[in-house]
Amino acid sequence: MSDERLSELSERTRYSPREVESKVFARWEEAGVFSPEPEGDASENFSIAVPPPNVTGALHMGHALNGTYQDVLIRRARMRGQRAKWIFGTDHAGIATQVKVEQALANEGTTKEELGREAFIERVWQWRSQYGGVITDQFRQLGASLDYADERFTMDDAYARAVAEVFTRLYAKGLIYRDNYMVNWDPGTRSAISDLEVEQRRLDDTLYMIDYPLESGSGSVTVATVRPETMLADTAIAVNPGDERYTRLIGERAVLPLVGRSLPIIGDEYVKMDFGTGALKITPGHDPNDFEIGRRHGLEEISVIGEDGRMTEAAGERFAGLTTDDAQKAVVKALREGGCLAGTQPYTHDVPHSHRSGMRIEPLISLQWFCDMEQLAGPAIDAVRDGRVRFSPERPHTQVYRDWLENIRPWCVSRQLWWGHRIPAWYRGGEIHVGTEAPDGDGWVRDEDVLDTWFSSGLWPFATLGWPEQTEQLRAFYPTDVLATGRDIIFLWVARMVMLGIEFTGEVPFADVSINSTIMAPDGRRMSKSLGTGIDPLDEIAEHGADAVRFGLVAMSSTQDVRFSADRVRQGLDLANKLWNASRLILLGVQQGVEPSPDRAQPQHPADVTESLLAEDRWILSRLERVTARTEAQIDAFELSSAALGLYDFFWSELCDWYLEMAKGRLHEETGVRSSPDRRSDSGPETGVRSSPDRRSDSGPETGVRSSADQRSDSGPPQRVDRTAVSATLLFCLDRTLRLLHPLMPHVTEEIWSFMPGERGLLTTAQWPAADPRRFDEHAEAELGRTIAAVTELRRYRELAGVKPSAILPARLVGGSLDGMAGQIARLARLDLAEVDRAPVAEVPVAGGAVELLPSDAFDPDEAGRRIQAQRDKLADEVRRLEHKLGNERFVQRAPAEVVQGEREKLDEYQRALARLG
RNA sequence: GGGCGCGUAGCUCAGUUGGUAGAGCGCCGCCCUUACAAGGCGGAUGUCGCUGGUUCGAGCCCAGCCGUGCCCACCA
């Protein structure tokens, strides 16, 4: 490392994401690592198609979490050496975009109708060029390693050709057809919408009882309705054929009040005998159920409500032109005056509303294009059933997906909008031609409507790669590996991609579907602009850095919805800062020249570099392998939250809190045990402190960076200091930690990486580590487990006994099993193990033995004795609890032997400890 | 109406095949120990929604109840 960089590292005591992140991101982009060559095939490569954000949208928390999930997977794959393509692009988002542009026009005092269709669409394209790049920049700020250089848009020419091709082929197969059918009409957008775009809202309403006189003159039938205005389109009355009250009426006729139309009374199983009056007015033109009944019975279909939400001429001149609300009032008034209103009652029920405009859905019969989904659904169900597509978490999504597909209904795909993929159908008189090009001959008129946005979104994983052309991209990256998204669009998008993917490519579009948490506002409500509950991820990035936001979001996520936790983001920033500072300690403190081999693919393991590893070195190296293995498994299972928190815990609690503290002694040239306040004791280790078989002393003790070890070792008294092992171990741990954390926190790790010794290139293309189980060291883990427990116990004792933190207590280890770690125990618990000949004044029981405290000014045994009563009580409680448990014959007999044995050992240990304290 | 979740420390949430309840933040005490005070060390805090059952043993399994949320659905 150059002196310049060294002093830079030395001076920056705080990690500043703002300065680092954009700089680091630029290095990745310059290196072109986000854009893999389209070589090889999809089985060896790795790809994810990003859920395309709305072209004029802005990054929200959902994008940030979802994006981080994908980026972790993509970055890991890239580090594994795979060609990793994260397919990027935006969605034209038909209605959403059209509404925005219409609003802009309204502000200018004009409308799209004044502009005309062509000019309006031109205007939308302008809008897109103005705002389409916003979300791209925002993904960059998040650090997302999308293939920005190969951006797609669902309205690109090539994409549009794919859409038309799909429509045409489905039509040819008879799966797409045009029909007059009942649709969900949204008076807000003046378009039909699909079932999935309808949401139910609870409404307090009124149920009206209306008498329909029988034509025979012998009384009347009373029906119940919440929409009396639709009676103007009634064409029948239906009763349940099994309803004894009415069976005699079936086949008779009634007179429609206000209108005078003669209505047949029909029998249909659909009618519930126990609801309302048991008699149902049938309005095939304005109610989905009535529509079905009407078709079953061949009833006339009358429309009295128009696409503008107002009553049509067919409603009669008293009502034509009124809104449905006004018409309802007028109808009720007229009925009341005519004596036909038998009564009303309050009624609360669910009413369909447009998800998009919020307006009440008006069921209408309309000429629309439909896609018959049943044939497409079968293979999509199979794909999930046989595991070619897997949901994570498996439940409940797998079942929900299957249930929906098994009960699938036709999909209304036409929309009465201007912005979108124009339906590739041409008409001339009664002729219809469907195809990507207009047919020859004059007089053909193209369909005015566009396709549902989700129709084009459903082709996303393969249309982005050039389908229907057999492109290199398609061969290299389709099928994709993972789809990561939220549960809200499993039907709208995921299921349709599976169906269309299988239909048109013969393969499932992705193998895994990772469903990530929905991030709720801190108060538990949905995050939304209109509620004022939204938290802008960009604000969080500006304040805490992208890595902190990435860590925080992933850490707070789970298999269910979670509330946004600012603390988790803060925790992410703290982690970044801690990483930075631990790295400073390591990089400024290690002996030069012992860095892992410059071969950045596989750094040399410290055990292969030196034979003088100590127990703590072997311990942390073993823990490192374990966290490596665990992280890998967790990412494979899409349990990124566990992976993030597991890495945090390893790094902070094990590497920093314990290993780095232990390592400082050797880094700062201490010779093992500090036996006296003297810093430079040459007396060497006492009491058999170190277990290492052979301690070489060929390296220098100075704290300076430039080692002059070789000169030193030849002169003066032998220094029993070897910084090789600790340096190699520290660098190896840091190297590995940076690699493991890089997919999640790419900026800070890349920045630190740049200070690592050797020519290592970019971390983002360095090799992803694989755990080596041969490096697991049960022995060292057990020994350090005892050491850590002992130190903690001693610290607790000191605190309880009122010993000053700075005081160094003369002490002696007894019991033997801690001897190998005596030096570290002495350092960390601030003991002086030098004096051996005085009688102890107190004994502290610890895991694996005990520590005798020798007389000193800093320790008052009487005071200590009084204070540790609480500890004694606690031990006594444990002993009692275990004695009771082991005294239970049924437990001893029936519990597994190892459980009983474990309890016995614990009891034994507690009893011995208590005896010492007693 | 059907289905699926959730209810664990003051807050937000983890709790893998049942074996003495965890994290972050917050709180209390002590430390400016030259990587980090956005730090370190130590500590306190939970009848794991309620009731019953299975089991030697239940936060975890079973039944019921209460509270709460989401998804689906064509009862006027």
Side-chain angles (χ1 to χ4, degrees), chain A residues 9-10 13-15 182 195 200 207-208 223-227 230 238 270-272 274-283 287-293 347 349-350 352 363 395-397 399-400 403-404 407 487-488 490-491 518 520 522 524 544 552 555-556 558-568 570-571 573-589 639 641-642 645 648-649 653 656-657 660-661 664 668 703 791-792 795-800 802 804-806 828 830 877-878 881-882 885 888-896 898-900 902-903 906:
Chain A
L9 190 60
S10 169
T13 60
R14 181 128 295 145
Y15 175 67
M182 174 74 46
D195 295 344
Q200 303 292 331
L207 195 57
Y208 295 89
V223 301
T225 180
V226 290
R227 300 204 62 192
T230 64
Y270 168 80
V271 184
K272 305 281 184 298
D274 55 359
F275 189 89
T277 62
L280 181 60
K281 69 190 258 315
I282 301 299
T283 320
D287 182 280
N289 303 312
D290 294 4
F291 177 79
E292 300 288 343
I293 294 169
Y347 183 62
H349 64 146
D350 290 334
R395 51 160 208 273
H397 307 300
Q399 196 55 45
V400 171
D403 287 348
W404 185 73
N407 297 295
R487 62 174 163 70
D488 52 331
I490 290 177
F491 304 148
T518 302
M520 312 298 280
H544 300 107
M556 76 181 82
S558 79
T559 56
Q560 61 179 54
D561 295 352
V562 291
R563 300 181 184 204
F564 181 78
S565 164
D567 283 340
R568 286 296 193 194
R570 178 53 178 269
Q571 193 184 352
L573 176 56
D574 288 347
L575 175 57
N577 189 54
K578 188 86 171 174
L579 271 170
W580 174 253
N581 279 297
S583 303
R584 290 175 62 233
L585 170 72
I586 293 169
L587 295 170
L588 294 171
E639 293 167 4
S641 175
S642 303
L645 292 170
Y648 176 95
D649 196 51
S653 304
C656 289
D657 287 350
L660 289 189
E661 292 306 319
K664 280 177 183 174
H668 298 148
T703 49
V791 169
T792 303
R795 285 169 172 167
R796 188 180 302 142
Y797 184 91
R798 290 175 57 117
E799 179 115 355
L800 268 173
K804 276 188 186 160
S806 55
L828 298 172
R830 301 191 74 82
D877 282 347
E878 284 304 309
R881 190 183 63 77
L882 287 169
K885 192 168 187 178
N888 181 348
E889 276 181 39
R890 310 229 278 180
F891 170 70
V892 177
Q893 278 174 3
R894 303 198 189 188
E898 68 250 30
V899 172
V900 178
E903 298 292 294
K906 269 187 282 186

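Here is how names work: the chains are called A, B, and so on, in the same order as the sequence lines, proteins then strands, and each is numbered from 1. Computed from a predicted model, the values in this text were never measured in an experiment.
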Roughly how far apart, to the nearest Å, are [N] and [M] at atom [atom1]?
N      : M      : atom1 : value
B:rG15 : B:rA38 : C1'   : 28 Å
B:rU47 : B:rC66 : P     : 24 Å
B:rG24 : B:rU20 : C1'   : 24 Å
B:rA21 : B:rU45 : C1'   : 13 Å
B:rG67 : B:rG49 : C1'   : 8 Å
B:rG5  : B:rC48 : P     : 23 Å
B:rU68 : B:rC50 : C1'   : 15 Å
B:rG26 : B:rU12 : P     : 16 Å

Expressed in angstrom and rounded to an integer, what is the separation of [X] atom [atom1] from [N] atom [atom2]?
X      : N      : atom1 : atom2 : result
A:F891 : B:rU55 : CZ    : C1'   : 13 Å
A:R563 : B:rG7  : CZ    : C1'   : 11 Å
A:R830 : B:rG40 : CZ    : C1'   : 12 Å
A:R395 : B:rC6  : CZ    : C1'   : 13 Å
A:L585 : B:rA35 : CG    : P     : 6 Å
A:R798 : B:rG40 : CZ    : C1'   : 14 Å
A:E639 : B:rC13 : CD    : P     : 19 Å
A:H544 : B:rA38 : NE2   : P     : 13 Å

Under the rule for side-chain hydrogen bond (donor to acceptor under 3.5 Å, both in side chains), what residues qualify as partners of [X], not counting sequence neighbours?
X      : result
A:R798 : none
A:E799 : none
A:D350 : A:R202

Under 4.0 Å between any heavy atoms, over every strand shown, what does [X] touch: base, sugar-phosphate, or nothing? Just pick one.
X      : value
A:R584 : sugar-phosphate
A:P896 : base
A:K906 : base
A:T792 : sugar-phosphate
A:E878 : base

Could you list all N or O pairs between the protein and nucleotides 23-26 of chain B that sit under 3.5 Å apart?
| residue | atom | partner | partner atom | Å |
| --- | --- | --- | --- | --- |
| B:rG24 | O2' | A:Q571 | OE1 | 3.4 |
| B:rC25 | O2' | A:D567 | OD1 | 3.4 |
| B:rC25 | O2' | A:D567 | OD2 | 2.9 |

Inset, instruction - For A:D287 and A:I282, run side-chain contact (heavy atoms from CB on, under 4.5 Å): C-alpha distance rounded to whole Å, both residues' side-chain angles, the deciding distance at 0.1 Å, then the answer. - result: CA-CA 8 Å; A:D287 182 280; A:I282 301 299; over 6 Å; no

Inset, instruction - Test side-chain contact (heavy atoms from CB on, under 4.5 Å) on A:R568 and A:L645 and set out the steps. - result: CA-CA 10 Å; A:R568 286 296 193 194; A:L645 292 170; 3.8 Å; yes

Legend entry - Heavy-atom side-chain proximity of A:I490 to A:W404 below 4.5 angstrom: no

Legend entry - Presence of donor-acceptor pair under 3.5 Å, side chain of A:E799 and base of B:rG29: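 Result: at least one qualifying N/O pair found.
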
Legend entry - Base of B:rA35 paired with side chain of A:E661 (donor-acceptor, under 3.5 Å): yes

Legend entry - Toward the 5' end of RNA chain B, by each residue's nearest nucleotide, A:S583 or A:V562: A:V562

Legend entry - Position toward the 5' end of RNA chain B (nearest nucleotide), A:R890 or A:P522: A:P522

Inset, instruction - Look at atom NZ of A:K272 and say whether more than 12 heavy atoms of other residues, nucleotides or ligands are closer to it than 6.0 Å. - result: yes

Indicate whether OP1 or OP2 belonging to [N] is found under 4.0 Å from a side-chain N or O atom of [X].
X      : N      : value
A:S558 : B:rA14 : yes
A:K664 : B:rG40 : no
A:R14  : B:rA37 : yes
A:R796 : B:rG42 : no

Inset, instruction - Could you walk me through whether A:F891 and A:V899 pass the side-chain contact (heavy atoms from CB on, under 4.5 Å) test, one step at a time? - result: CA-CA 10 Å; A:F891 170 70; A:V899 172; 4.1 Å; yes

Legend entry - Contact letters for nucleotides 69-76 of chain B, in which S counts primed atoms plus P, OP1 and OP2 and B counts the base, heavy atoms under 4.0 Å: -S-SBBBB

Once you round to the nearest 0.5 Å, how far does [atom1] of [X] lie from [atom2] of [Y]?
X      : Y      : atom1 : atom2 : value
A:D561 : A:R487 : CG    : CZ    : 4.0 Å
A:F275 : A:L207 : CZ    : CG    : 6.0 Å
A:D403 : A:N407 : CG    : CG    : 7.0 Å

Inset, instruction - When you get a sec, tell me which of B:rC4, B:rG40, B:rA14 is the closest nucleotide to the side chain of A:P396? - result: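 Of the candidates, B:rC4 comes closest.
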
Inset, instruction - Among the candidates B:rA35, B:rU20, B:rG29, find the nucleotide nearest to the side-chain atoms of A:R881. - result: B:rU20

Inset, instruction - Decide side-chain contact (heavy atoms from CB on, under 4.5 Å) for A:D488 and A:T518; before the verdict, give the C-alpha distance in whole Å, the side-chain angles of both, and the deciding distance to 0.1 Å. - result: CA-CA 9 Å; A:D488 52 331; A:T518 302; 5.6 Å; no

Legend entry - Residues A:D567, A:Q571; criterion side chain to side chain donor-acceptor pair (under 3.5 Å); working and verdict: CA-CA 6 Å; A:D567 283 340; A:Q571 193 184 352; over 6 Å; no

Legend entry - RNA chain B base-pair string [pairs: Watson-Crick or G-U under 3.5 Å; |: paired with another strand]: (((((((..((((.....[..)))).(((((.......))))).....(((((..]....))))))))))))....

Inset, instruction - Report yes or no: does A:R14 contribute a side-chain atom to a donor-acceptor pair with the main-chain N or O of A:N577 at less than 3.5 Å? - result: no

